[in-house]
Every structure is written in C-alpha cells, then in structure tokens.
4 protein chains.
Amino acid sequence: MIGSINYYRNMNDDSFSFFWKGIIVKRNRPKFKQIIDAAVVVIAENGYHQAQVSKIAKQAGVADGTIYLYFKNKEDILISLFQEKMGTFVETIETELKQVKTASDKLLVLIQQHFAQLSEDTHLAIVTQLELRQSNKELRIKINDVLKGYLDLMEKIIQEGITEGEFSEELDKKLARQMIFGTIDETVTTWVMNEQKYNLNQLAKPIHHMMARACGSQIFEKKV
Amino acid sequence: MIGSINYYRNMNDDSFSFFWKGIIVKRNRPKFKQIIDAAVVVIAENGYHQAQVSKIAKQAGVADGTIYLYFKNKEDILISLFQEKMGTFVETIETELKQVKTASDKLLVLIQQHFAQLSEDTHLAIVTQLELRQSNKELRIKINDVLKGYLDLMEKIIQEGITEGEFSEELDKKLARQMIFGTIDETVTTWVMNEQKYNLNQLAKPIHHMMARACGSQIFEKKV
Amino acid sequence: MIGSINYYRNMNDDSFSFFWKGIIVKRNRPKFKQIIDAAVVVIAENGYHQAQVSKIAKQAGVADGTIYLYFKNKEDILISLFQEKMGTFVETIETELKQVKTASDKLLVLIQQHFAQLSEDTHLAIVTQLELRQSNKELRIKINDVLKGYLDLMEKIIQEGITEGEFSEELDKKLARQMIFGTIDETVTTWVMNEQKYNLNQLAKPIHHMMARACGSQIFEKKV
Amino acid sequence: MIGSINYYRNMNDDSFSFFWKGIIVKRNRPKFKQIIDAAVVVIAENGYHQAQVSKIAKQAGVADGTIYLYFKNKEDILISLFQEKMGTFVETIETELKQVKTASDKLLVLIQQHFAQLSEDTHLAIVTQLELRQSNKELRIKINDVLKGYLDLMEKIIQEGITEGEFSEELDKKLARQMIFGTIDETVTTWVMNEQKYNLNQLAKPIHHMMARACGSQIFEKKV
DNA sequence: CATGAATGAGATTTCATTCAT
DNA sequence: AATGAATGAAATCTCATTCAT
C-alpha cells in the first residue's frame with residue numbers, strides 16, 4: 001500500500017495516460033489538500049452523514065463545483081482523504097522504525113506512533129475511527145485497500161520476529177496481524193468514544209506488553 | 001446488559017407501566033420476530049442503505065404499515081434486531097460457559113461460541129460486522145449499550161483469571177478486554193469481507209492461544 | 001335547517017328506507033352521543049389534524065371499529081357533531097326568542113344567546129370557531145348547509161324588523177344577515193384565539209348596538 | 001405590519017445579518033414570485049390538500065428541488081404567498097386612501113378596494129377565503145400576524161372617525177374593527193362559495209352604508 | 001479556472017377503514 | 001353488537017452532480 005499511497009506523488013513516468021496526469025497535477029495543487037483538510041474538519045464536526053459536499057466546499061473556501069475539478073465524486077474525496085492521511089501516517093511510522101532493531105521494539109514503536117499521531121490530530125481520529133466506518137461496503141473495501149500497506153508492515157515485523165527467534169515459530173502471521181490491528185483499533189475507538197478523556201499514549205506500553213507476549217516473546221517473562 | 005437483554009422475556013412483574021407492557025406484548029407476538037428475521041435477511045442481501053422498510057415488510061410477508069405496529073420507526077427495528085440477536089448470542093455463550101472451570105478455558109469457549117454462532121448464521125454475521133456499522137452515531141451508541149453486556153462478561157472472565165492466578169496480576173482488565181474483543185471482531189470482519197471463504201471456527205484455538213499468552217497464562221509455554 | 005337538524009330525531013315516517021331507519025335508530029343509542037362528545041373533546045384538545053379516529057374511539061371508550069357502526073366515515077362524525085350541537089344551539093335560541101317582541105330585541109337575545117352558549121362550552125367554541133374550519137371545502141359546504149337554518153332565522157328577524165318599521169326599508173336582507181353573522185363570528189373567533197381571556201357575554205350589548213344602528217334602527221339615536 | 005410586509009422590499013440596510021440578506025436576495029429573484037403565483041393557481045384549482053409541492057413546481061416550470069432554494073418548506077410557501085399578496089393588497093388600499101379625506105369615505109374606499117382586488121383575482125380570493133383556512137393552527141397564527149397590519153389600518157380609520165366627530169364617541173374601536181372585518185370577510189366568503197356568480201363590487205356601497213351607520217355616522221340619516 | 005443555481009430521484013411514516021373473530 | 005389487528009396509498013424534502021456563464 002505504501003507504494004499505492006505514494007503512487008501519485010512520486011510519479012514521474014511519462015507513459016501514464018493524460019487522464020491520470022491531470023489528476024496527478026491536481027493532487028499537487030494547493031486546493032487539493034485544502035479540500036481534504038476541509039473534509040476532515042467537516043466530517044469530524046458534523047458526522048459522516050451530515051458532511052455534505054456543499055459544507056466541505058464552504059469550509060474549504062471554494063464553490064461546490066470546484067470540488068469536482070479535483071475529485072471525481074464525493075467518494076473520491078473520502079478515499080483521497082484516507083490515502084493522503086494514511087500515507088503520511090505510515091511514512092512517519094516507517095521513518096521511526098528505521099532506528100529500531102528488534103521486532104518487539106518495532107512493535108512498540110509502531111503502537112506508540114499510531115497512538116501519538118492520532119492523539120495529535122483528534123479530528124483525524126474521529127474521522128477514521130468513527131465517521132468513515134459509516135460509509136457503505138464498497139467504500140470500506142476501497143479504504144481497506146489503502147489500509148493494506150499498513151497491515152503488510154505489521155506482518156513484516158511479525159515475520160521478522162519469527163525469523164529472528166523473538167516470536168514463537170508456531171505464530172500464525174495473519175492472525176497475529178489481525179490481533180495487533182484489532183487491538184490497536186479497538187483501543188483507539190474506545191478512546192475516541194470516551195471523548196479522548198484519558199491519555200492514549202500511555203496505553204502503548206501495556207498493550208505492547210500483551211502483544212509481545214501473545215506473539216510468544218519471552219522478554220517479559222519473569223526470570224527464575 | 002445481560003439483564004437488559006433478557007428484560008422483556010423474563011418479565012412477570014405486574015408493577016411495570018402500561019406503556020412497557022404494550023411493548024412487551026408486542027415483543028412476544030410472532031410477527032415481531034418475523035419482522036426482525038426479515039430485516040436480517042434484507043439487510044444482509046441488500047446492504048444497510050438499500051434495506052427499505054417496504055423490502056423488509058415484503059420479506060416478512062406483512063404490509064408496510066404493520067411494521068409500525070411493532071416498531072416505533074426504522075431505527076427501532078435495527079436496535080431491536082441487535083437486542084434480540086445479541087441477547088440470544090450472549091445467553092448461549094453464558095450457558096456454555098457454565099460447564100467450564102478455568103478462565104483460560106472460558107476464554108476458549110467464548111471465542112469458539114462467538115465464531116460458531118456467526119459461522120452458522122452468515123446473514124447475521126454480515127449484518128453485525130459490516131452493515132449495522134453504517135448506522136449513524138446515535139444508533140451506534142444504542143448498539144454499544146447492548147454490546148456492553150458482552151464486554152462485561154469478558155471482563156468478568158479476565159478478573160477471574162487474575163484472581164485465580166491463571167493470568168498475570170499486572171494485567172490491565174480493561175485493556176485486555178479491548179484486546180480480546182478487538183481481536184475477535186477484526187478476525188470475524190476479515191472473514192466476512194473475504195466472503196467467508198475459510199473456516200472461521202478453526203481460528204478459535206490459535207487466537208485463544210495468543211489471547212491466553214497475552215494475559216500471561218503459562219499453560220502454553222514450553223516446559224524446559 | 002332547523003328542520004333538517006331535527007330531521008332524524010322527530011321522524012316517525014314509515015316510508016323511509018330501511019337504511020335510514022338503521023341510522024335513526026343509531027342516533028338514539030347512547031354510544032352515538034358518546035362518540036360525538038368524545039370527538040368534541042379530542043378535537044378541542046388536539047386540534048383538527050391530530051384528531052384521529054382511534055383517539056376519538058379511545059376517548060369514547062369504544063373500539064375503533066365500533067365508530068363505523070354509528071358513522072359512515074370520519075367526515076360523518078364531524079357533520080353529525082355539527083348537526084347535533086347546532087341543533088341544540090338553534091333550538092335554545094328559538095325558545096328564548098319566543099319571549100321577545102321587537103326585532104331589535106330579538107337581535108339582542110340572539111347575540112346574547114350565541115355568546116352565552118359558546119362561553120359555557122369552550123370545547124365546542126374551539127371546535128366550531130377554529131378546528132372545524134380546517135376541514136376541506138367539501139365538508140365545509142356540508143357544514144354550511146347545517147348553518148343555513150341559523151342564517152335563515154337571522155334573516156327572518158331582519159325581515160320582521162323591516163316589516164314592522166324598526167329597520168330601514170332600504171336594508172338588504174341578505175347583506176344584513178351576512179353582516180350580523182360575520183360580526184358575531186369574528187367576535188367569537190377573536191375571543192377564542194385570545195384564549196377566552198375576557199368575558200364574551202358583555203360584548204353582546206355593544207355589538208347589538210352597532211348591528212341595530214346598521215339596520216337603521218333609531219332607538220339608540222339621541223333624542224334632540 | 002405594513003412595515004413588516006414591506007420589510008424585504010424596501011430594505012437597504014447593510015447592518016442586517018447575512019442570513020436575512022440571503023433570504024432577501026431570494027425574494028427579489030424572479031423565481032420567487034413565479035413559484036408563489038404558481039402556488040396560488042394550483043391551490044385555487046386543486047384545493048389546499050391537493051396542492052402538492054410537485055404540482056406547484058410543475059406549474060412554476062421549475063424542478064421540485066428548486067422550490068427549496070427559495071422556501072424553507074411547504075408551509076413557508078404559503079406564508080410567503082400570504083405576505084406577498086397581502087403586502088400588495090394593503091399597499092394598494094393605502095395608496096387609494098391617501099386621496100380621501102373623511103373616515104367614512106376611507107371606509108368606503110377600503111371596502112371597495114378590498115372587493116375590487118379580490119374580484120380581479122378570483123384565484124387569490126379562493127385561496128385566501130377558503131383554502132388557506134384549512135392550514136393548521138400554527139400556520140394560521142402566522143397568517144394572522146400578517147393580517148394584523150390590515151386590521152390596524154381599519155382601527156386607525158375608526159379612531160380617526162371618532163376623533164373627527166364623524167363616528168360615535170362611544171364606539172368600541174376593537175369591536176367596530178371586528179365588525180368591519182367580519183362583515184367584509186363573510187361577504188367575500190359567501191361570494192366565493194357561490195362561485196362568484198354575482199358582482200361583488202356593487203355590494204361595497206350598501207355594506208359601507210351599514211358599517212357607517214353602525215359606527216354612528218349621521219350622513220345617511222334622513223334629514224327631517 | 002471557478003462559480004453556484006438548478007436538477008430530480010427516492011423513502012419513511014400515518015391513519016382511515018375493513019373484516020375475521 | 002363489538003373488537004382491534006392489519007392494511008397500503010401517498011407526499012415532503014435532501015443533496016450529489018452538472019453545466020452555462
């Protein structure tokens with residue numbers, strides 16, 4: 001996915017169709033990001049079903065019709081939103097991961113970064129945890145495509161842990177990834193639904209503790 | 001919640017208000033369940049936003065207006081659906097749990113039962129994992145109220161495991177519950193989104209394995 | 001109209017069809033009046049558009065279906081209501097008029113009685129002045145038929161006044177009747193819309209004063 | 001009220017809120033009046049309850065949705081209709097009144113203009129006398145607010161008559177106004193219900209005669 | 001490039017009336 | 001005679017998208 005997220009931004013390939021070039025150019029224009037940021041605010045503050053195109057346009061300071069110069073339709077705004085934000089999100093995590101060695105530590109950094117980034121942008125947290133899930137099945141499948149890069153990253157860490165002997169060799173990679181993502185996701189959702197009353201970041205360590213143990217890491221076990 | 005789910009069914013108390021009696025009577029009439037079952041089918045096959053009241057009525061074999069003799073409005077159908085199904089769901093799990101001793105085993109039975117029940121009723125699985133999440137925030141809050149009973153049950157098992165020395169005494173109950181529910185939920189959702197291609201039930205054991213280890217259970221650790 | 005209002009009640013004529021006899025018999029049964037009185041209360045308290053048949057049935061203490069044993073349809077309730085109440089209303093005024101000699105005095109008694117009867121039954125006042133006017137054109141035409149007897153009574157008094165030399169011989173009977181009814185009606189409506197805050201009865205004399213002068217009566221003119 | 005009716009049309013005041021400016025701009029666009037005129041025709045020809053928004057839109061030559069760019073909801077069409085038409089109605093009468101001196105003559109002109117304007121626009125007459133009265137209480141209260149300006153105008157004339165010694169000094173202003181409006185209104189309603197068979201305009205003089213006498217004007221009294 | 005007025009399809013809910021018991 | 005559960009037709013309003021300017 002990381003590829004797919006960075007797709008448009010890194011692209012220099014002349015062989016792409018004129019159509020896509022048009023879109024690529026648009027993605028670099030200031031109004032593109034302006035509209036996406038407006039969408040995040042409007043959805044977070046009004047909820048998914050009350051986030052009309054006209055509201056997003058007003059928040060972005062453009063006319064309704066202008067939206068359609070940058071996005072194919074409303075769904076495209078939401079997918080692009082997810083791509084943009086998720087792209088940055090995963091990029092940041094990947095950068096941080098480079099400074100870490102063991103799989104267990106990478107897991108910790110991933111969880112910490114996940115929490116940190118959503119803690120810092122509660123609008124985005126509300127949108128991704130609550131509002132965007134109200135979209136229809138079709139859109140959620142597309143969102144899952146975007147998410148796939150992040151899930152792959154998790155699976156890579158797990159594989160590394162198994163290979164390096166940190167994690168149990170019987171571990172089912174796919175299930176472990178579903179556990180890690182499911183746990184992180186449920187934790188953030190609960191935090192958002194509780195109106196961010198408590199500090200999300202301090203949950204990273206105990207959650208990492210559970211995840212590592214679940215993966216068969218022995219580092220937390222009491223030495224006799 | 002378990003109480004609240006069983007609320008109407010077990011009630012014999014004459015002191016309840018006329019209003020509630022009216023509703024209770026309706027809940028016990030055959031058409032009530034008939035409409036709910038129709039709603040599950042229609043939502044699963046058409047998607048949340050394409051599940052018009054008229055479709056549900058037709059599927060249930062009643063007139064559109066009849067729906068409104070049993071339900072306040074469309075949202076009420078969905079809440080009642082969740083209450084009825086979740087009620088049976090949790091009741092079944094509770095019954096099975098009575099035959100089990102240790103917290104770890106209870107966790108296994110819970111996961112197995114969770115998977116078994118949704119495996120057996122894929123319509124219901126689709127509705128709870130994908131479609132009902134498209135409902136608006138207000139409805140989701142009501143659904144969460146119903147869910148709370150299930151989450152409490154999980155927490156009770158965790159507490160028991162800690163008390164009995166099966167689970168680590170440092171375990172954060174609330175986080176552990178979020179992990180268990182998040183993991184199970186993500187697993188089922190992935191399975192539904194993959195169109196139930198594989199056997200969900202056989203995932204119960206490996207997932208239980210991870211959960212138990214995450215909780216600090218030693219039963220899976222290799223004896224040296 | 002007075003005839004038409006008393007129509008059913010005074011009827012002994014064997015030549016009427018079986019159908020009508022059925023209705024006549026019904027009109028004398030207690031539930032007939034019971035339902036009409038319920039309708040007055042329900043309409044006054046809930047408004048015309050919130051006066052559902054089921055509400056009237058509940059207020060009358062009968063089943064919905066029972067209404068249709070006594071009335072052809074909902075409109076028939078309202079027409080019957082108007083006939084019953086208007087019949088009594090006009091009968092009472094006619095009785096009082098018998099004790100009065102001059103046209104001017106008859107006018108005064110009519111106005112006084114009109115006000116007195118509506119003052120005493122504010123439910124009825126609300127229904128006739130505000131709520132029943134929301135009915136559709138067709139029903140209002142039928143109501144006007146019932147009203148006709150009352151209007152005829154007014155015209156008779158005016159004619160008498162002209163014949164006896166009390167009123168101007170140039171007076172247009174029909175217009176004078178429209179003035180009298182229009183004035184009384186507007187006065188009562190204003191009173192009802194002001195939530196019966198003031199005493200309606202004490203308006204009878206000044207209004208009569210104006211009506212009599214308008215008719216050319218000299219009795220109030222200052223003697224030089 | 002006269003002010004309130006002219007409110008939007010005369011306004012040049014920059015200090016008004018953005019919201020109201022939006023509405024004012026809409027009120028001056030051609031489609032606003034186009035829709036109102038369509039509403040008058042549709043309501044007159046189909047009756048209040050058969051005047052669906054889609055019929056009004058079709059008659060106005062716009063899409064259903066366009067209605068909602070100019071009116072908050074269906075009720076708002078009706079209120080605006082009444083405001084627009086009543087505004088013009090009262091303005092016209094006020095203009096004509098400027099050329100008249102005595103209160104009695106003003107009363108005559110008022111009645112003549114009232115009849116003339118409704119005679120010339122029978123659609124409007126049907127709507128105001130019959131159809132709009134079927135609206136619910138809430139709407140009728142709003143209509144009454146609009147009407148208030150007209151009633152105030154009547155009261156002003158009456159007051160003038162009293163002050164100038166034309167009318168009896170014992171005259172109750174409020175009752176006199178209720179008489180005048182009630183009489184005019186009843187006359188027009190009767191005329192409309194008789195399907196405008198006769199000439200309404202020629203009733204102005206005899207009605208004025210009665211009204212003036214009722215107010216104590218001596219001008220019609222035979223000089224001995 | 002940008003605008004924003006106009007479009008029009010589509011669904012929930014109410015309630016008078018019926019009719020089997 | 002009385003019941004009351006069931007019926008089903010019908011209409012307002014929203015909002016994503018377009019296109020003339």
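All chains are named by letter (A, B, ...) in the order of the sequence lines, taking the proteins before the strands, and each is independently numbered beginning at 1.
For the side-chain hydrogen bond (donor to acceptor under 3.5 Å, both in side chains) condition, the pairs that include at least one residue of residues 128-137 of chain C, sequence neighbours left out, are C/H49-C/Q134, C/Q129-C/D185, C/Q129-C/T189, C/E131-C/Q134, C/E131-D/K137, C/R133-C/D185, C/K137-D/E131.
The stretch residues 52-65 of chain D touches DNA chain F through D/Q52, D/V53, D/D64, D/G65, each having a heavy atom within less than 4.0 Å of the strand.
No option in A/I143, A/I126, A/L139 other than A/I143 meets the side chain to side chain contact (heavy atoms under 4.5 Å, CB included) test with A/L132.
With rounding to whole Å, B/Y68 atom OH is found 18 Å from E/dA16 atom P. Residue A/N73 contributes atom CG, which lies 9 Å from atom C1' of F/dA16 at whole-angstrom precision. Atom CD1 in D/I67 sits roughly 10 Å away from atom P in E/dT7 (whole-Å rounding). A straight line from CG of C/N136 to C1' of E/dA16 spans 14 Å, rounded to a whole angstrom. One can place CZ of D/F71 at 18 Å from C1' of F/dT14, the figure rounded to the nearest angstrom. Rounded to whole angstrom, the span from the CD1 atom of A/I77 across to the P atom of F/dA16 amounts to 9 Å. A straight line from CD of B/E75 to C1' of E/dA11 spans 16 Å, rounded to a whole angstrom. Atom OH in C/Y48 sits about 19 Å away from atom P in E/dT14, given to the nearest Å.
Between A/V42 and A/K58 there is no side-chain heavy-atom pair separated by less than 4.5 Å. Contact annotation: the side chain of D/I43 approaches that of D/L81 to within less than 4.5 Å [non-hydrogen atoms, C-beta and beyond]. Residues A/F71 and A/I36 are in side-chain contact: their nearest non-hydrogen atoms beyond the backbone lie under 4.5 Å apart. The shortest side-chain heavy-atom distance between A/F82 and A/L78 does not fall under the 4.5 Å cut-off. A 4.5 Å side-chain heavy-atom check between C/F32 and C/S80 finds at least one atom pair inside the cut-off.
D/K31 has a side-chain polar atom (N or O) that falls below the 4.0 Å cut-off from OP1 or OP2 of E/dA6. At the phosphate of E/dT3, OP1 or OP2 sits under 4.0 Å from a side-chain N or O atom of A/T66. Within the structure, every side-chain polar atom (N or O) of A/K72 is placed at least 4.0 Å from both OP1 and OP2 of F/dT17. Distances shown here put every side-chain N or O of D/Y70 at or beyond 4.0 Å from the OP1 or OP2 atom of E/dA5.
Under the rule for a side-chain hydrogen bond (donor to acceptor under 3.5 Å, both in side chains), D/K74 has no partner lying at least two apart in sequence or in another chain. By the side chain to side chain contact (heavy atoms under 4.5 Å, CB included) test, B/H123 pairs with B/V40, B/V41, B/A44, B/E45, B/D121, sequence neighbours left out. For A/Q34, there are no side-chain hydrogen bond (donor to acceptor under 3.5 Å, both in side chains) partners, not counting sequence neighbours.
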- request: Taking Watson-Crick and G-U wobble pairs with both distances under 3.5 Å, convert DNA chain E into its dot-bracket string, 5' to 3', dots for unpaired and | for cross-strand pairs.
  value: .||||||||||||||||||||
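DNA chain E is contacted by both B/A51 and C/K74; B/A51 maps to the nucleotide lying nearer its 5′ end (nearest heavy atom per residue). Each of D/L69 and D/H49 was matched to the nucleotide of DNA chain F holding its nearest heavy atom; the match closer to the 5' end belongs to D/H49.
A distance of about 13 Å separates the C1' atoms of F/dT21 and E/dC1, rounded to the whole Å.
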